[in-house]
Colleague: 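Provided herewith is a single structure, encoded as structure tokens, for subsequent inquiry.
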Amino acid sequence: MRLSKAVVKNRVLILIVALLLLIPSVLGMANTRINYDMLDYLPEDMDTVVGQNELLDEFGKGAFSLIVVEDMPAKDVAALRKRIEAVEHVDSAVWYDSLTDLSVPMEILPEKIYNEFNNGNATMLAVFFDSSTSADVTMDAIREIRAIAGRQCFVTGMSALVTDLKDLCEREEPIYVALAVACACLAMMLLLDSWLAPLIFLASIGICIVINLGSNYFLGEISYITKALSAVLQLAVTMDYSIFLWNSYNEQRTHIEDKNEAMAKAIHETFVSVLGSSITTIAGFIALCFMSFTMGRDLGIVMAKGVLLGVIGCVTVLPSLILLFDRPLQRTRHKALIRNANGFARKITKAFPVFLAVFVALAIPAYMGYAKTNEEVYYDMGQCLPQDIDYVIAHNKLTDDFDIASTHMLLVDANLPSHDVRNMKREMEDVDGVKYVLSLESVVGSRVPEEVLPDSVRSILKSDRWELMLINSEYKVASDAVNDQIDSLNAILKKYDPSGMLIGEAPCTKDMIETTGHDFQVVNLFSIIAIFVIILLVEKSLSLPVILIAVIELAIFINLGLPHYLGQSLPFIAPICISTIQLGATVDYAILMTTRYKAERVSGKSKYEAVSTALATSVPSIIVSGMGLFAATFGVAVYSNIDIVSSMCMLMARGALISVVCVILMLPAFLMLLDGVVRHTTLNMKVKE
């Protein structure tokens, strides 16, 4: 109570400090770098990541793009190439005139090479950058190249993808927050007993969100998914804490006349309940930190920090605001939409065998759908963008005009004998889906000694340590076909050069598939164990953690199983994150009801009365909490043009509703069925006669 009284006494100082903290927080937000490259989160010791670093160190080349040029005379293409090469951070732009003068007919090129780089009215340039794929300077260079090239040119590659992704995110993110705020505010106005309280809640939560986003500056950078979702998620998850305080304060006001004293008592009671509630949510986010694909750690740290700040804000900033605006808050109160659930609770409790049967009937198909959804996720980040965006149009042009769906790069020991290089190249070109392997020899022919080539040409594909070769493939990134192709190419490469490395978007994506497949199992297991232990300590029971987690896991299985039955494919990161977020954020609903059931049962009520009372008193809080999470995420899910953001928000919105339904219908049935087991496996649950 001492801390609670200190908050009430120093409420003006607390608000001044909170407002002052917004200044460095806004500066921190503005200066926190956002990473738009999913492949950047792969473990540093993977061959593909090591190879990308070697490419940058040895050749000064990081990002790589193919540019399709249509309906342009050769002299104009040559002029365009020179203009592109002059763009800052473009290392080299390679076309026919890089090798010889335009006065020499292109037909002198080997026929295969000529045909692969020219198709009717279209030709193709290769552009290397001296910066990494998702570096800010690379994205600036992509924008400048597009401005120079005009509508006749189409820029492909991962850098083009992340550039479009960044531009789209920056346009949409302010609207995400506005939608989340508007929808959550409307839901709370309807469901709570005040028109003004939701605005006060949003002001308090908004301060905590800005401080959380500003403190990300100390992390160096965060992923675009974290930036897009963190504000929405923090709003949705921590709204409950504000509701707890508001309800507690109004309850205290009914029998404590002094508002300051009532608030001090409300803060004390709320802190205890909110702390217990937030621990499960934080545990769910911390589970993401155990992913070897480090984007999970990125999201996990930011969201765990956000929930903790939400708890602090709930017992410091929010009470100060409520006391400041107490008079208008009391004047704008109205009757809550959900007031009495006694009749509903009695009916649900009496029909408990029906809901047990429903649980059994749903469990197997829900789990089967859940397992299938995890197998049907997609890893190609191009799929998360709208079809009319520049990158997608350019990639489709490359596929249609040149039958190239992906490009790999080979780093081969520069001292490897020429005959080994030729044999390796021949074997690789026989691999299914490989269109050709481009090396120095394939461009100039085996009869022309490398020594006679200008250094400017030779340095593009050869350094002191490595020779760089390009492999164009007919197979799409992240497809089973390209993954099998990569296995075959790696086997051939290692036979001739054990130190050689196969890199590029498709090999990196294959590594990502293998990494995240393992991550899903680890994160899921950790979150279940962590939350099991928390419930065990909170409820002092061996059986209740099993019951509560079983109910929420069914909700998760239904939520993540539906995409399979609806024929939808999710981005790979969605099931990993949603399973832990939904468990951590909605198991509170079950804990709330179970705690009240225990209290009623210990006081001497029959199991029917205890379960019915627990359900009746919990229903309003559970529905308000679930609808808050739904409202904050559903609008973003409908609006967003980025599928990875839209999918995750839709899963969170739908998951909140499914969890609410499962807790309200299934949990009372389990408590009725297993009342005896619960009493005998729970500490201090001796029932009074």
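The model shown is predicted, which means the values in this text are computed figures rather than measured ones.
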Colleague: Less than 4.5 Å apart, side chain to side chain, heavy atoms only: is that true for E553 and L583?
Modeller: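 When only atoms from C-beta onward are counted, L583 and E553 do touch, with a gap below 4.5 Å.
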Colleague: To the closest 0.5 Å, what do you measure between CE (M368) and OG1 (T373)?
Modeller: 11.5 Å
Colleague: Could you check W95 against L80 for side-chain contact (heavy atoms from CB on, under 4.5 Å), going step by step and ending with a plain yes or no?
Modeller: CA-CA 10 Å; W95 189 60; L80 174 65; over 6 Å; no
Colleague: Heavy-atom count check: over 12 atoms from other residues, nucleotides or ligands less than 6.0 Å from K166 NZ?
Modeller: yes
Colleague: Should R81 and E85 count as an ion pair when the cut-off is N to O under 4.0 Å?
Modeller: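 Yes, this pair counts.
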Colleague: Say you draw a straight line from CE of M291 to CD1 of I576; how long is it, rounded to the nearest 0.5 Å?
Modeller: 4.0 Å
Colleague: Before you tell me yes or no, could you show the steps for N216 and T32 under side-chain hydrogen bond (donor to acceptor under 3.5 Å, both in side chains), namely the whole-Å CA-CA distance, both residues' side-chain angles and the distance that decides it to 0.1 Å?
Modeller: CA-CA 7 Å; N216 292 335; T32 301; 5.9 Å; no
Colleague: Using modelled atom types only, decide if a donor and an acceptor are shared between the side chain of S579 and the backbone of P575 within a distance under 3.5 Å.
Modeller: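 Yes, because the side chain of S579 sits within donor-acceptor range (under 3.5 Å) of the backbone of P575.
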Colleague: Is the side chain of T138 donor-acceptor paired with the backbone N or O of S132 at a distance under 3.5 Å, no angle test?
Modeller: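 Yes, T138 side chain to S132 backbone: donor-acceptor pair under 3.5 Å.
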Colleague: Quick check: are there more than 12 heavy atoms from other residues, nucleotides or ligands sitting under 6.0 Å from CD1 of I364?
Modeller: no
Colleague: Looking only at heavy atoms, which two atoms of A637 and M650 are closest? And how far apart?
Modeller: CB-N, 3.4 Å
Colleague: Checking the side chain of Q582 only, and the main-chain atoms of G655 only, is there a donor and an acceptor separated by less than 3.5 Å?
Modeller: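 Yes.
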Colleague: Taking all non-hydrogen atoms of both residues into account, name the closest pair between E70 and A122 and its distance.
Modeller: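 Heavy atoms of E70 and A122 come nearest at CG-CB, 4.1 Å.
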Colleague: Heavy atoms only: give me the nearest A574-M648 pair and the separation to one decimal.
Modeller: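 Smallest heavy-atom distance, with atoms named: CB-CG, 3.9 Å.
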Colleague: Give the minimum heavy-atom separation between L411 and G51, together with the two atoms involved.
Modeller: CD1-O, 3.5 Å
Colleague: Could you give the side-chain donor-acceptor pairs of residues 497-507 under 3.5 Å, partners two or more places apart or in another chain?
Modeller:
{"residue": "D497", "atom": "OD1", "partner": "S499", "partner atom": "N", "Å": "3.1"}
{"residue": "D497", "atom": "OD1", "partner": "S499", "partner atom": "OG", "Å": "2.7"}
{"residue": "D497", "atom": "OD1", "partner": "G500", "partner atom": "N", "Å": "3.4"}
{"residue": "D497", "atom": "OD2", "partner": "D413", "partner atom": "N", "Å": "2.7"}

Colleague: Could you tell me whether a side-chain N or O of S159 sits under 3.5 Å from a main-chain N or O of T133, the two making a donor and an acceptor?
Modeller: yes
Colleague: With E172, which residues qualify under salt bridge (charged side-chain N to carboxylate O under 4.0 Å, His left out), at least two apart?
Modeller: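 E172: no salt bridge (charged side-chain N to carboxylate O under 4.0 Å, His left out) contacts found.
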Colleague: Given L525, which partner from the list I529, I528, V522 fulfils the side chain to side chain contact (heavy atoms under 4.5 Å, CB included) test?
Modeller: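 One option only clears the test, and that one is I529.
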Colleague: Verify, without hydrogens or angle tests, whether N472 (side chain) and Y436 (backbone) share a donor-acceptor contact under 3.5 angstrom.
Modeller: no
Colleague: Between D400 and K397, does at least one N-O distance fall below 4.0 Å, as a salt bridge requires?
Modeller: no
Colleague: Evaluate side-chain contact (heavy atoms from CB on, under 4.5 Å) for I404 paired with M124, printing each intermediate quantity in order.
Modeller: CA-CA 11 Å; I404 297 171; M124 187 164 56; 3.7 Å; yes
Colleague: Check whether more than 12 heavy atoms from other residues, nucleotides or ligands sit under 6.0 Å from atom OH of Y378, and answer yes or no.
Modeller: yes
Colleague: By salt bridge (charged side-chain N to carboxylate O under 4.0 Å, His left out), which residues pair with E427, not counting sequence neighbours?
Modeller: K495
Colleague: Could you tell me whether D298 and K227 make a salt bridge, using a distance below 4.0 angstrom between a side-chain N and a carboxylate O?
Modeller: no
Colleague: Here's a test for you: under salt bridge (charged side-chain N to carboxylate O under 4.0 Å, His left out), which of R143, R171, R146 qualifies with D164?
Modeller: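 So, applying the salt bridge (charged side-chain N to carboxylate O under 4.0 Å, His left out) to D164 and each of R143, R171, R146, only R146 qualifies.
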Colleague: Any chance CD of E88 has more than 12 other-residue heavy atoms, nucleotides or ligands included, within less than 6.0 Å?
Modeller: no
Colleague: Would you find a donor on one side and an acceptor on the other, under 3.5 Å apart, between the side chain of S65 and the backbone of T156?
Modeller: yes
Colleague: Go through the steps for S473 and Q485 under the test side-chain hydrogen bond (donor to acceptor under 3.5 Å, both in side chains), then give the verdict.
Modeller: CA-CA 9 Å; S473 170; Q485 182 187 83; 2.9 Å; yes
Colleague: So that I can tick it off, tell me whether K435 and E429 are bridged by a salt bridge, with the cut-off set at under 4.0 angstrom between side-chain N and carboxylate O.
Modeller: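 Salt bridge: no.
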Colleague: Is the backbone of L570 close enough, under 3.5 Å, to the side chain of S647 for a donor and an acceptor to pair up by distance?
Modeller: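 Not confirmed, S647 side chain does not pair with L570 backbone.
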Colleague: Ignoring hydrogens and angles, tell me if any N or O in the side chain of S479 forms a donor-acceptor pair with the backbone of V482 under 3.5 Å.
Modeller: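 Between the backbone of V482 and the side chain of S479 there is a qualifying donor-acceptor contact (under 3.5 Å).
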Colleague: Going from CG on D420 to CG on N415, what distance comes out if it is rounded to the nearest 0.5 angstrom?
Modeller: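 Interatomic distance, D420 CG to N415 CG, rounded to 0.5 Å: 12.0 Å.
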Colleague: Tell me if the centroids of the rings in F293 and F572 come within less than 6.0 Å of each other.
Modeller: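 Centroid separation for F293 and F572: below 6.0 Å.
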Colleague: What residues, two or more places apart in sequence or in another chain, satisfy side chain to side chain donor-acceptor pair (under 3.5 Å) together with D40?
Modeller: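 Partners of D40 by the side chain to side chain donor-acceptor pair (under 3.5 Å) criterion, ordered by chain and then number, come out as N35.
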Colleague: Using a 4.5 Å cut-off on heavy atoms from C-beta on, say whether the side chain of L299 contacts that of C577.
Modeller: yes
Colleague: To the nearest 0.5 angstrom, please state how far the CD1 atom of I286 sits from the CE atom of M303.
Modeller: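 Interatomic distance, I286 CD1 to M303 CE, rounded to 0.5 Å: 12.0 Å.
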Colleague: Answer yes or no: does atom OH of Y379 have more than 12 heavy-atom neighbours from other residues, nucleotides or ligands under 6.0 Å?
Modeller: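 Yes, because the 6.0 Å sphere around OH of Y379 holds more than 12 heavy atoms from other groups.
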Colleague: Looking at S134 and R33, what are the two nearest heavy atoms and their distance?
Modeller: O-NH2, 2.6 Å
Colleague: Kindly say whether D484 contributes a backbone atom to a donor-acceptor pair with the side chain of S488 at under 3.5 angstrom?
Modeller: yes
Colleague: What pairs of donor and acceptor atoms, side-chain ones from residues 383-394 against any protein atom, are under 3.5 angstrom apart with sequence neighbours left out?
Modeller:
none

Colleague: Return yes if some donor-acceptor pair links the side-chain N/O of S640 with the main-chain N/O of V636 below 3.5 Å, else return no.
Modeller: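 Pair absent, no side-chain N/O of S640 close to backbone of V636.
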Colleague: With side chains defined as the heavy atoms from C-beta onward, is the minimum distance between V232 and T633 less than 4.5 Å?
Modeller: yes
Colleague: Using side-chain contact (heavy atoms from CB on, under 4.5 Å), reason through E474 and D432 one step at a time and then give a plain yes or no.
Modeller: CA-CA 9 Å; E474 300 171 0; D432 287 346; over 6 Å; no
Colleague: Is there a side-chain contact between Q568 and E376 in this structure, where contact means two heavy atoms from C-beta onward sitting under 4.5 Å apart?
Modeller: no
Colleague: Going by ring-ring contact (aromatic ring centres under 6.0 Å, His included), name the residues that satisfy it together with Y475, two or more places apart in sequence or in a different chain.
Modeller: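 By the ring-ring contact (aromatic ring centres under 6.0 Å, His included) rule, Y475 matches no residue at all.
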Colleague: Mind checking the CD1-OG spacing from I225 to S230? Nearest 0.5 Å is all I need.
Modeller: 11.5 Å
Colleague: Between the side chains of Y36 and T163, does any donor sit under 3.5 Å from an acceptor?
Modeller: no
Colleague: Quiz question: by atom type and distance under 3.5 Å, do the side chains of N121 and D71 form a donor-acceptor pair?
Modeller: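 Side-chain D/A pair, N121 to D71: present.
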Colleague: Nearest 0.5 angstrom please: C153 SG to R151 CZ, how far?
Modeller: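 The CZ atom of R151 is 12.5 Å from SG of C153, to the nearest 0.5 Å.
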Colleague: Considering non-hydrogen atoms only, spot the tightest contact between A141 and F129 and give its length.
Modeller: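 Where A141 meets F129 most closely, the heavy atoms are CB-CE2, 3.8 Å.
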Colleague: Count the heavy atoms belonging to other residues, nucleotides or ligands that lie under 6.0 Å from NZ of K494, then report whether that count exceeds 12.
Modeller: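 Above 12, so yes.
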Colleague: Could you walk me through whether F64 and V127 pass the side-chain contact (heavy atoms from CB on, under 4.5 Å) test, one step at a time?
Modeller: CA-CA 6 Å; F64 167 77; V127 178; over 6 Å; no
